[in-house]
Amino acid sequence: MSPDATGEAGGGGGGGGDLFAANLKGSLLAVASSAFIGVSFIVKKKGLLRAGAAGSRAGVGGYGYLLEPLWWVGMVTMLVGEIANFIAYMFAPAVLVTPLGALSIIVSAVLAHFTLNEKLQRVGVLGCVLCIVGSTVIILHAPQERTPSSVDEIWHLAIQPDFLCYATAAVAVSLFLMIYCAPRYGQMNIMVYVGICSVIGSLTVMSIKAVGIAIKLTIEGINQAGYFQTWLFAVISITCIAVQLVYLNKALDTFNTAVVSPIYYAMFTTLTILASAIMFKDWSGQSASKIASEICGFLTVLAGTLVLHSTREPDQTLSADLYAPLPPKIYWHIQGNGDIGKQKEDDSLPCDIITVMRQDYFV
């Protein structure tokens, strides 16, 4: 992403310099956003744990976390991060901004190690390094994006047949996951909740980018408030964000943060890059070598998140398997026909079969 390279893409030294500066602003905002969002994951998780200890957990449909101040602190922190991310999309393409979200995984992994006792093994440092290296490669080879001149122009990009097909498929998959899969498998399969967040998230980014460009153009003196598309994109953004928050809370409350963060990042980033490439034609006009470099950078970041995840300990306190078999060595009392006996550490009985005579209890 050197100024010389951008000059070629922008058709002149001045234009290339402006595009380089815009990408740099977007990159710095994306990095700041990742820091705030990474912190918010931890603060929200601690709030969810407190709320779950006092009532119904978010993972099983409870909304007690709304009364937990710590959860709201996490929400405010996330809001600051999302605002920075929102502004970043005004300056830089989604292909650049979205992958930098991997830095939030590093922040959350380090903080979870110290505050949530979710241990980060030494090999996890390699995962952090891979994320940083991959992000650097993406920044250096990010495409230059021409800002649309009006919301109406963005609307025409959104109603292209290929993007309409993507949006329709995304909505259909999300509804299927929410209506059919979530009630049946949400507590057992992390891909249900995270899948909803990721698919809806790709549409969120597209609509937020449209709103961001409208605000930027309005600030520059080209009023976009008169276009109904501006308000339509705003409504879509709010709706998608609300759905994401609900299911992200369910995922965080049900599964380990170390599992949720990398899977969410991988799915969300992949789908967002795909949606942006379809709608905004981010890679149009780029050389094959630059596109290959960006893909390699993303794969490096993805490998880093997987390494980081693989070295973390599973969550033992919030297991999604509510019907796990009892351990084979247990103590119990059995009362029957007036005789009381005690059995201790009997390995001869299978762990999933217990015969009950009138009354039993385990100690």
Side-chain angles (χ1 to χ4, degrees), residues 1-10 16 19-20 22-31 33-34 37 85 88-89 91-106 126-146 157 160 162-163 165-167 169-170 173 191 194-195 197-199 201-206 208-209 261-310:
M1 196 182 70
S2 64
D4 294 337
T6 56
E8 294 175 8
L19 291 174
F20 173 78
N23 273 8
L24 181 60
K25 290 179 183 178
S27 300
L28 294 176
L29 286 166
V31 171
S33 169
S34 296
I37 292 175
N85 201 48
Y89 282 115
F91 295 98
V95 174
L96 168 60
V97 175
T98 306
L100 293 179
L103 301 178
S104 67
I105 298 177
I106 298 176
L126 173 61
C128 295
V129 172
L130 287 173
C131 289
I132 295 173
V133 171
S135 298
T136 303
V137 172
I138 291 172
I139 292 174
L140 292 175
H141 297 87
Q144 308 303 318
E145 182 180 73
R146 185 185 67 83
L157 294 174
Q160 298 172 101
D162 47 358
F163 185 75
C165 289
Y166 174 84
V173 169
M191 299 303 292
V194 176
C197 294
S198 302
V199 176
S202 66
L203 299 180
T204 303
V205 170
M206 298 303 102
I208 280 181
K209 186 169 180 64
S261 297
I263 295 178
Y264 179 45
Y265 167 79
M267 294 182 63
F268 169 71
T269 304
T270 301
L271 291 173
T272 299
I273 290 176
L274 175 62
S276 182
I278 294 174
M279 180 173 174
F280 291 100
K281 305 295 188 293
D282 287 328
W283 287 334
S284 178
Q286 275 201 299
S287 65
S289 61
K290 282 195 172 184
I291 295 175
S293 297
E294 292 164 30
I295 294 175
C296 288
F298 171 63
L299 292 178
T300 302
V301 173
L302 183 58
T305 61
L306 294 176
V307 170
L308 196 55
H309 160 52
S310 66

- Working for side chain to side chain contact (heavy atoms under 4.5 Å, CB included), residues Phe163 and Leu157: CA-CA 8 Å; Phe163 185 75; Leu157 294 174; over 6 Å; no
Sub-4.5 Å side-chain heavy-atom contact between [X] and [Y]:
X      : Y      : answer
Val205 : Phe268 : yes
Asn85  : Ser34  : no
Phe280 : Pro93  : no
Ser27  : Leu100 : yes

Measuring from atom [atom1] of [X] to atom [atom2] of [Y], what distance do you get when rounded to the nearest 0.5 angstrom?
X      : Y      : atom1 : atom2 : result
Met267 : Thr272 : CE    : OG1   : 11.0 Å
Leu302 : Ile295 : CG    : CD1   : 12.5 Å
Lys290 : His141 : NZ    : NE2   : 7.5 Å
Phe91  : Leu29  : CZ    : CG    : 7.0 Å

Counting only pairs under 3.5 Å, give me each side-chain donor-acceptor contact of residues 128-138, with atom names and distances, residues two or more places apart or in other chains.
residue: Ser135; atom: OG; partner: Cys131; partner atom: O; Å: 2.8
residue: Thr136; atom: OG1; partner: Ile132; partner atom: O; Å: 2.8

Can you name the nearest heavy-atom pair linking [X] to [Y], along with the distance?
X     : Y      : result
Val31 : Leu103 : CG2-CD1, 3.8 Å
Gly26 : Ala92  : CA-CB, 4.0 Å
Ala94 : Met206 : CB-CE, 4.4 Å

What residues form a side chain to side chain contact (heavy atoms under 4.5 Å, CB included) with [X], not counting sequence neighbours?
X      : value
Thr204 : Ile200, Ile208, Cys240, Ile241, Gln244
Leu271 : Tyr166, Ser198, Val199, Ser202
Ala277 : none

- Query: Looking at residues at least two apart in the chain, or sitting in another chain, which of them share a side chain to side chain donor-acceptor pair (under 3.5 Å) with Lys25?
  - Reply: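 Applying side chain to side chain donor-acceptor pair (under 3.5 Å) to Lys25 gives none.
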- Of all residues at least two apart in sequence or in a different chain, which pass the side chain to side chain donor-acceptor pair (under 3.5 Å) check with Thr270?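 With neighbours one apart ignored, the set is empty.
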